[in-house]
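Each ligand, and each atom within it, is numbered from 1 in the order the structure gives. All residue numbers refer to positions in the sequence shown, counting from 1.
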Amino acid sequence: MSASRFRYDTSGQWLKGNVHLHTTRSDGGRTPEQAAVMYAAAGHDFLVCTDHGIASNVGGEQAGRPLIWLDGIELDGTDDRGAFYHVIALGRFRDLSPDMELTDAMAAVRDQNGLLFLAHPHWCGNTMDDALRHRFDGVEAYNHVCRWLNGKSDSFAHWDRMLEERPNTLGLAVDDAHLKPQHPGWNGGWIVVNVQQRTSAAIYDAIRHGNFYSSCGPEFHDIELRRGHVAVRTSPVSFIRLVGPRTHGARIGSFQGETYTEAEFAIPDEWATVRVEIEDRYCRRAWTNPLFIQPTPLLPQDR
Ligand SMILES: [Zn+2]
Ligand SMILES: [Zn+2]
């Protein structure tokens with residue numbers, strides 16, 4: 001991994017946010033204003049508005065708001081092979097309409113420098129090949145509303161398959177909150193970006209570069225590279241793991257109730273991708289993105 005670059009700079013402030021949220025503009029139960037009050041009270045610093053088929057226009061950090069909004073949209077539809085997708089797009093977009101073909105809408109997002117995240121592939125029934133098409137920037141490794149709906153919340157297997165072919169793929173935890181009685185869950189999956197400034201531009205930049213971790217509970221305090229070792233400090237957890245490709249890994253941990261707040265691991269040169277994952281006593285996990293940014297995809301599959 002000699003040509004790669006360590007991803008993390010955790011010298012700034014940590015900001016918590018949910019990047020998948022529905023409001024009354026589509027099928028959510030709360031207005032953006034109501035959602036912002038709820039999330040700010042739960043310690044969130046930012047939210048991304050991703051209503052179905054409606055590009056939001058709420059971004060910014062205007063005075064008087066309880067948190068910072070970023071713009072987005074959730075797209076859905078089938079591609080030219082008949083595979084059904086939900087896709088989260090981050091950015092402010094023009095000329096997207098609900099009746100567009102999915103592939104046309106994704107192309108428009110790309111043209112406007114937006115980010116595309118494969119949403120809840122386990123819940124959608126996406127195959128591994130589905131996940132490898134369309135050059136997704138990332139995938140929802142955890143989706144909280146899918147846990148509520150039928151338990152199909154975890155898509156780590158899709159993420160790991162994507163990492164084998166596109167080693168910079170980001171892996172997110174999201175609420176996909178709808179904030180209504182039929183879908184009550186929220187504050188169950190989030191990302192925490194590290195930024196030098198508390199602005200929407202800095203948050204968007206941190207997401208684009210993957211300078212964030214994802215969590216369903218535990219916290220990272222520092223993520224550093226020291227002489228070829230990755231060192232982390234965390235909230236008290238039962239396990240700290242170095243996650244490599246396929247069967248590869250290293251760990252400290254306890255099934256007997258001991259807790260840990262720091263660890264340091266050597267990173268084997270031959271691993272093409274590696275991340276750190278922590279797990280607390282309630283089996284809630286948090287995980288980094290791939291620790292190293294590869295200069296180019298290792299393999300040329302843009303299929
Ligand atoms: Zn969806
Ligand atoms: Zn959604």
Heavy-atom closest pair, residues Trp123 and Asn150:
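Taking every non-hydrogen atom into account, CD1-OD1, 3.2 Å.
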
Check which protein N, O or S atoms are less than 2.8 Å from the Zn ion (ligand 2) and report how many there are.
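Those protein atoms number 4 in total.
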
Indicate the ring-plane relationship of Tyr85 and Phe136, choosing parallel, tilted or perpendicular according to the 30° and 60° boundaries.
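Tilted, since the angle between the ring planes falls between 30° and 60°.
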
Does the separation of the ring centres of His22 and His52 fall below 6.0 angstrom?
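Between His52 and His22, which both carry aromatic rings, the centre distance is below 6.0 Å.
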
N/O donor-acceptor pair under 3.5 Å between Tyr204 side chain and Leu90 backbone:
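Yes.
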
Co-members of the apolar cluster containing Phe255 [side chain, <4.5 Å]
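Noted: Phe255 shares its cluster with Phe239.
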
For the residue pair Arg30 and Trp186, would you count it as a cation-pi contact if the rule is NZ or CZ under 6.0 angstrom from the ring centre and within 45 degrees of the ring axis?
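Output no; distance or angle outside limits.
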
